[in-house]
Amino acid sequence: VIVGGGEDTEWLKNKAKKLKLTNYSFEGVQNPLAYYKRALIFVMTSACEGLPMTLLEAQQMGAVPVVFDSFTSLHDLIEHNTNGIIIKKKDIKKYSESLVELMQNQEKRERLAKNGLESCKKFSPENIVKQWQKLFDEMTIK
């Protein structure tokens with residue numbers, strides 16, 4: 001299930017037809033919440049990102065992210081084999097092998113999902129407010 005859109009959408013649709021794939025759908029731009037809720041794995045193949053909110057949103061719904069190591073902020077969000085899978089940039093073979101492993105290994109997928117839910121807590125409003133308060137307290141002249 002491919003949600004979203006972009007300049008490569010037509011290329012992807014043509015590639016799927018050329019490969020005679022049958023088990024896929026292009027959903028276009030949608031509210032992603034329903035997709036996150038039913039997903040077990042979140043596939044992110046971006047060549048570059050800032051701070052990808054989609055990755056955090058998917059983790060908050062229990063989807064395990066599989067991501068290319070192509071942007072710096074990734075390492076603030078994902079710890080390889082703890083709360084997601086990080087694949088060396090452009091290593092498509094390893095990426096596909098990791099996806100197959102997650103699809104076949106329910107125990108690993110559930111462990112990574114549970115850890116992902118836990119790691120998202122550091123971005124909760126309560127924790128962020130505490131960090132801001134600490135910063136303001138440190139800046140206050142006494």
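Because the structure is predicted, anything quoted here is derived from the model rather than measured. Only this structure's heavy atoms are used, side chains among them; waters, hydrogens and symmetry mates stay out.
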So OG of S98 and CD1 of I86: to nearest 0.5 Å the spacing works out to 11.0 Å
Any heavy-atom pair between the side chains of N115 and E79 that's under 4.5 Å? no
Under 3.5 Å donor-acceptor, Y95 side chain and V66 backbone: yes
A side-chain contact here means heavy atoms from C-beta on lying under 4.5 Å apart; do K122 and D76 qualify? no
Run N83 and I78 through side chain to side chain contact (heavy atoms under 4.5 Å, CB included) and show every step you take. CA-CA 6 Å; N83 63 347; I78 304 297; 3.7 Å; yes
In terms of hydrophobic clusters joined by side-chain contacts under 4.5 Å, are V43 and M103 together? yes
Verdict with reasoning, E118 to T82, per side chain to side chain contact (heavy atoms under 4.5 Å, CB included): CA-CA 11 Å; E118 190 63 33; T82 299; over 6 Å; no
The test is salt bridge (charged side-chain N to carboxylate O under 4.0 Å, His left out); show your working for E110 and K114 and say whether it passes. CA-CA 6 Å; E110 288 175 352; K114 181 179 176 187; over 6 Å; no
Interatomic distance, K13 atom NZ to L21 atom CG [nearest 0.5 angstrom]: 14.5 Å
Quick check on the hydrophobic clustering: are V100 and L40 connected, directly or via other members, by side-chain heavy-atom contacts under 4.5 Å? no
Closest non-hydrogen atom pair between F68 and K88, with its separation: CD2-O, 3.5 Å
F71 to P52 - nearest heavy-atom pair and separation: CE1-CG, 3.6 Å
Is the NZ atom of K94 crowded by more than 12 outside heavy atoms at less than 6.0 Å? no
Just verifying a value: how many Å separate L99 CG and I41 CD1, rounded to the nearest 0.5 Å? 6.0 Å
Quick check: closest heavy atoms across T54 and M44, and the distance to 0.1 Å? OG1-CE, 3.4 Å
Would you say E27's side chain and Y35's backbone share a donor-acceptor pair under 3.5 angstrom? no
Decide, yes or no, whether a salt bridge links E97 with K93 under the criterion of side-chain N to carboxylate O below 4.0 Å. yes
Tell me whether D69 contacts the main-chain N or O of L74 through its side chain, where contact means a donor paired with an acceptor under 3.5 Å. no
With a 3.5 Å cut-off and no angle check, do the side chains of Q133 and D137 form a donor-acceptor pair? yes
Looking only at heavy atoms, the pair that brings I2 and F26 closest together is CD1-CE2, 3.4 Å
For the CD1 atom on I92, are there more than 12 heavy atoms of other groups (residues, nucleotides or ligands in this structure) within a distance under 6.0 Å? no
Donor-acceptor contact present, side-chain N105 to main-chain E101, <3.5 Å: no
Expected output: side-chain S46 to main-chain S70 donor-acceptor under 3.5 Å: no
Do C120 and Q59 touch side chain to side chain, with heavy atoms closer than 4.5 Å? yes
Nearest 0.5 Å, please: how far is CG in L117 from CD in Q60? 8.5 Å
Spacing of M61 atom CE and F42 atom CZ [to the nearest 0.5 Å]: 12.5 Å
Separation between CD of E57 and CG of L33, rounded to the nearest 0.5 Å: 8.5 Å
